[in-house]
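Worksheet: the structure to be examined is printed underneath.
Heavy atoms only: backbone and side chains are in, while hydrogens, waters and symmetry mates are out.
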Amino acid sequence: MPSHFEEGALVGVLTTQPLDRLLDYKAPEGGCFVGAFVEVPLGPRKVLGVVWGPGRGDFDISKIRSVIRVLDAAPMLDEMRQFLGRVADYTLTPMPAMLRLATRSPGLGDPPSMRKVYRLGHAEPDRMTDARRRVLEVLSEYGGLSFTLGELAETAGVTSSVVKGLVKQGAVSEEESPRDLPYPRLDPELPGKELTGDQAAGAEVLGAAIRSGAYGTTLLKGVTGSGKTEVYLEAVAECLRKGRQALVLLPEIALTAEFLKRVEARFGAMPTEWHSGVTMTERRRAWKMVGEGGAQLVVGARSALFLPFRDLGLIVIDEEHDTSYKQEDGVLYNARDMAVLRASIASAQVVLASATPSLESWVNAESGKYSRLELKSRFGASELPDMSAIDMRDEDLPSSSWVSPSLQAAVRERLEAGEQSLLFLNRRGYAPVTICRACGHQIACDHCDARMVEHRFLKRLVCHQCGETKPMPEVCPSCEVEGKLAPVGPGVERLHEEAAALFPDARIAVLSSDLFGSARALKAKVEEIASGGADIVIGTQLVAKGHNFPLLTLVGVIDADLGLQGSDLRAAERTFQLMRQVAGRAGRAERAGLALLQTFQPEHPVIRAILSGDEEGFWRAEAAERKAAGVPPYGRMAGIVISSPEAQQAFDIGGALARADGPLRRIGAQVFGPAPAPIARIRGRHRVRLLVKAEKTAPLQAALAQWVAQVRLPANLRLSIDIDPQNFF
DNA sequence: CAGCCCGGACCG
DNA sequence: GGTCCGGGCTGT
């Protein structure tokens, strides 16, 4: 295939417009190459495109127009075109959407924009002052480097008028320079933090993998404080030594100035940042410099995976289990999986770092597909407290009470010792069910059929499925009898009521996401609690992560079985991790902590695994169960998302689609749903998900594509496919 | 019959 | 995705 086209030759161009095929154009004056970013006319408009190959020549030649111009940007490498194609196949995404992902940078075609920079001039200033001397020293110290006005003034510790004064006298020269400058060089030879034996050995293994220049993926497992970051930064250093580029992906929330400072401390300069908060001009610079090799290390969110790296040698996925790597809107992909794909095309190494790896990665490491490195905690022992179960079948508990006598006793002991207790219940609101004692009717949501949850604090009923709310009715909506509506079951608000009655002198704080208007208010409350502002904390999932409570020595889980009901594929995995995280809240106090799990099924394998702390054993059992069921990571699963402003309509059509699944049945795929549970309200639209389960990816993709093609939907409905077989949920 | 709105086809 | 075009409806 020719890679260069003479002027007037037919070229096939992929545009960012949602057309399902390449369009033929004539090569512009001076010709063009495959991969060139071009501007082409489309109807009355000019749009961005990439020369993808020779034209098809099956279109009326007289109607073919010419490429307007080749843009001033590094051409797309063959490797990148291959990557975009593979991701498109894998996620059933049209190519133009892929190209849009890969060109998320403003003004790609603009001529280089200029700004003023400052260097050492030739003349001597008439008068030397301290401030002036500092400016000249900074400029000579950094030799050939040029500064912007602000940078120079800040580095020298003077005001900008000092610099301006020197310019006027010719001691400092002012020049125009392109705005999109290369990023400062990173120096991998600077001394890193001293590594422990474990860490040094890990760094050596990763270093050797990078020196091999081949593809490979390593699961780097280590608890918080075990030094994962130091180890993978050494891998970055090795990658930079080889002259290749490196990418570190972080979950959105972990992308902090603090992390960037750590990188700066290791390499002597800031890396290139890429995330939604980066300004337009910086974004443009980053995109261009990544493509030209003027950026050695990118630290960014998942979309950084689609930057036009010239020679990518390493991708680090920090906190690889984090669900925010899964893009949920637009193009649906999991950055963790696509990173492995990109690395395999680019002959790069991948490091998946996590304290609690996803089951998929664990299985891949176990089967030898990935290598495995484990870092031991610096503190040796586990951070988990003592754990035991309270068998609720043995507890004498009146109805509408949930804190067992055993747990009450443990809380009292903490109150007397002046220590904190956490009562954990993963259920917001007052009561999950409201029932009419006259007729037995349960109040359900009008939109999605899920039961509505009473929130006494808000004085409303709330649907946790779709977000719909309505005032608490006085009379039963079904039999119209007054005063017979009764709450059934506990929520944190009701638990609070019970705790207040049991421990009237204790200071009780409730942490539930719906009780706080802002993140700031929540943070203030958490800090107040941490410094001893409460004796008993009652919390939902909100308390599982993040802040430590140093005074907390007891965690009581009210309904440890809660998450194990239902048909969620990841119920066991999630419950295991949630319980460990929650229990861990009592693991860092001075006195040894205690976690008590109230359960009706102490023999349940998940509860037993939590209590024994046998993580490896749990993963093994969970993996075996998945294997037997043929679900990810062993079988493939795809999701079909139907969204509409009307919950009922989306639901009805979901049901109809689930029944009309000919092409899917033919390949032995099973379609599940829609059940009420998968309805979610997202940005004003209700979404229903259907699950499709199959053994292999390729036939599933083909069947889905065929199936989607034959579906005709009402105009207000959207249908999209989420084929992220490793991690649909 | 002009004005306007909506859905659909098309874009090289 | 943006634009244009034609059909059908409304209103005088």
Using a 4.0 Å heavy-atom cut-off, does A:P18 contact any base of the nucleic acid, only the sugar-phosphate backbone, or nothing at all? base
To the nearest Å, how far apart are A:L14 CG and B:dG12 P? 16 Å
With a 4.0 Å cut-off on heavy atoms, is A:Y25 in touch with a base, just the backbone sugar-phosphate, or nothing at all? sugar-phosphate
Say you draw a straight line from CG of A:L307 to CE of A:M289; how long is it, rounded to the nearest 0.5 Å? 13.0 Å
Please report, rounded to the nearest Å, how far the C1' atom of B:dG12 is from the CD atom of A:E39. 16 Å
note: A:R65, atom CZ; B:dG12, atom C1'; distance rounded to Å ~ 8 Å
So, for A:F83 and A:F306, is the gap between ring centers shorter than 6.0 Å? yes
Using whole Å, report how far CG of A:L48 lies from P of B:dC11. 21 Å
Reckon A:P41 touches a base, only the sugar-phosphate, or nothing at all at heavy-atom distances under 4.0 Å? sugar-phosphate
A:W287 ring centre to A:R104 NZ or CZ under 6.0 Å, with the angle to the axis within 45°? no
To the nearest Å, give me how far apart CG (A:D20) and P (B:dG12) are. 15 Å
Looking only at the side chain of A:P44 (C-beta and beyond, no hydrogens), which of the listed nucleotides B:dG12, C:dT3, C:dG1 gets closest? C:dT3
What is the distance, rounded to the nearest whole Å, between atom CZ of A:F59 and atom C1' of B:dC10? 10 Å
Please give, in whole Å, the distance from B:dG12 P to A:L42 CG? 6 Å
Is NZ or CZ of A:R285 both nearer than 6.0 Å to the six-membered ring centre of A:Y183 and within 45° of the ring axis? yes
At under 4.0 Å between heavy atoms, what does A:R21 touch on the DNA or RNA strands: base, sugar-phosphate, or nothing? base
What's the NZ-C1' distance between A:K46 and C:dG1, to the nearest Å? 18 Å
Carboxylate-amine/guanidinium proximity below 4.0 Å for A:D24 and A:R56: no
If you check every side-chain atom of A:L19, which of C:dT3, B:dC11, B:dG12 has the closest atom? B:dC11
